[in-house]
K.L.:
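Quick one: structure below, then a few questions.
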Amino acid sequence: MRALPRRFYARPSRVVARALLGRLLVRGRGRRRLSGRIVEVEAYDGARDPASHAFRGETARNRTMFGPPGHAYIYVSYGVHHCLNVVTGTPGTAAAVLIRALEPVAGIAAMRRRRGLGDRERLARGPGCVTRALGLTVAHDGLDLTSGPLWIADGPPRRGGRRIARSPRIGISRAVARPWRFFLAGHPCVSGPRTAGRGVPTRRTGR
DNA sequence: GTATCGATTAGC
DNA sequence: CTAATCGATACA
């Protein structure tokens, strides 16, 4: 399978987000290949989206998002974890899709080693777990997904017979009502709610 | 300059 | 429930 062409990414983040579900995210080539089916994503919409890192303009951290589509935007979350996004839209739009969860397909033993976990369904469940399982860090920020050792496979997205469900995005405090989280309904590797829920997620108490 | 908050997770 | 830990942001 080939890497998805750049034109795939040169569309609005919500369109790309849905189109990514069921596709294969691949790290490396040959025997050392790691891969997983994308089962959960979130769309972010640059300057038009208060929840986006790009909402307040370009910084050293989010520079990649302002570049051409089809590149990996990887940032440090909570000072501890790394999160993988794909840049979408036209250059300067600074839109992106966060990869929140994978169903591990290849290199599962290596993922188990990296994660110190046996449960396949939990290996890449959650954005920080995705990068941990694949061995991605901010050192990989800016990688070109159409040519590099990190890519997304072309071909019909196999959804395993599951429908695409949507919900509000997880872990944000602004623009909380926008239903821009997309996932394969009921898939065991999805983090958080696995069925479509209307309305704003329940706010955790304490702050 | 200091204080606070995250596109989170693992562990009590 | 909290700690971890750092870039970005808010404010004196």
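Just the heavy atoms: all of them, side chains too, but no hydrogens, waters or symmetry mates, feed the values below.
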K.L.:
Can you tell me if CZ on A:R29 sees more than 12 non-hydrogen neighbours from other groups inside 6.0 Å?
P.N.:
yes

K.L.:
Are a donor atom and an acceptor atom from the side chains of A:H71 and A:Y9 found within less than 3.5 Å of each other?
P.N.:
no

K.L.:
Please determine, for the side chain of A:V80, which listed nucleotide (C:dT5, B:dT9, C:dA8) has the closest atom?
P.N.:
C:dT5

K.L.:
Based on Watson-Crick and G-U pairs with both distances under 3.5 Å, what dot-bracket line describes DNA chain C 5' to 3', crossing pairs as [ ] and inter-strand pairs as |?
P.N.:
||||.||||||.

K.L.:
Counting just side-chain N and O atoms, does A:R174 come under 4.0 Å of either OP1 or OP2 of B:dG6?
P.N.:
no

K.L.:
Any side-chain N or O of A:S173 less than 4.0 Å from the OP1 or OP2 oxygen of B:dG6?
P.N.:
yes

K.L.:
Tell me whether the centres of the aromatic rings in A:H53 and A:Y44 are closer together than 6.0 Å.
P.N.:
no

K.L.:
Expressed in angstrom and rounded to an integer, what is the separation of A:I99 atom CD1 from B:dT8 atom P?
P.N.:
14 Å

K.L.:
On a whole-Å scale, what distance lies between the P atoms belonging to B:dG1 and C:dT5?
P.N.:
23 Å

K.L.:
For the side chain of A:M65, starting at C-beta, report the closest nucleotide among B:dT9, B:dA7, C:dT9.
P.N.:
B:dA7

K.L.:
Rounded to whole Å, how long is the line connecting atom CZ of A:R122 with atom P of B:dG11?
P.N.:
11 Å

K.L.:
Would you indicate which nucleotide in C:dA8, C:dA4, B:dA7 comes nearest to any side-chain atom of A:T59?
P.N.:
C:dA8

K.L.:
Nearest 0.5 Å, what's the CD-CD1 distance between A:E42 and A:I172?
P.N.:
7.0 Å

K.L.:
Verify the stacking flag for A:Y44 against B:dA7: centroid separation must be under 5.5 angstrom and the ring planes must differ by under 30 degrees.
P.N.:
yes

K.L.:
Does B:dA7 have its OP1 or OP2 closer than 4.0 Å to a side-chain nitrogen or oxygen of A:H53?
P.N.:
yes

K.L.:
How many Å lie between CZ on A:R100 and C1' on B:dA7, as a whole number?
P.N.:
7 Å

K.L.:
Using atom types as modelled, flag every donor-acceptor pair under 3.5 Å from a side chain in residues 96-110 of chain A to any protein atom, sequence neighbours excluded.
P.N.:
{"from": "A:R100", "atom 1": "NE", "to": "A:E40", "atom 2": "OE2", "distance (Å)": "2.9"}
{"from": "A:R100", "atom 1": "NH2", "to": "A:S191", "atom 2": "OG", "distance (Å)": "3.3"}
{"from": "A:E103", "atom 1": "OE1", "to": "A:H187", "atom 2": "NE2", "distance (Å)": "2.8"}
{"from": "A:E103", "atom 1": "OE2", "to": "A:R120", "atom 2": "NH2", "distance (Å)": "3.3"}

K.L.:
Round to a whole Å and report the spacing from OH of A:Y78 to P of B:dA10.
P.N.:
14 Å

K.L.:
Can you tell me how far P in C:dA10 sits from the matching atom in B:dA7, rounded to whole Å?
P.N.:
13 Å

K.L.:
Using atom CD1 of A:I74 as one end and atom P of B:dA7 as the other, report the distance to the nearest whole Å.
P.N.:
17 Å

K.L.:
Atom NE2 of A:H81 to atom P of B:dG11: distance rounded to whole Å?
P.N.:
10 Å

K.L.:
Any donor-acceptor pair under 3.5 Å linking the side chain of A:S52 with the backbone of A:D49?
P.N.:
no

K.L.:
With the side chain of A:R115 defined as its heavy atoms from C-beta on, choose the nearest nucleotide among B:dA10, C:dG7, B:dT8.
P.N.:
B:dA10

K.L.:
May I have the distance from A:Y75 (atom OH) to B:dG6 (atom C1'), rounded to whole angstrom?
P.N.:
9 Å

K.L.:
Please measure how far the P atom in C:dA12 lies from the corresponding atom in B:dC5, and state the result in whole Å.
P.N.:
15 Å

K.L.:
Charged N to carboxylate O below 4.0 Å: is that the case for A:D141 and A:R61?
P.N.:
no

K.L.:
Within 45° of the axis and under 6.0 Å from the centre of the six-membered ring of A:F8, does NZ or CZ of A:R6 qualify?
P.N.:
no

K.L.:
In this structure, how many angstroms lie between the C1' atom of B:dT9 and the CG atom of A:L117, rounded?
P.N.:
12 Å

K.L.:
To the side chain of A:R61, which of B:dT8, C:dA8, B:dA7 is closest?
P.N.:
C:dA8

K.L.:
Of the nucleotides C:dA10, B:dT8, C:dA8, which has the atom closest to the A:R56 side chain?
P.N.:
C:dA10

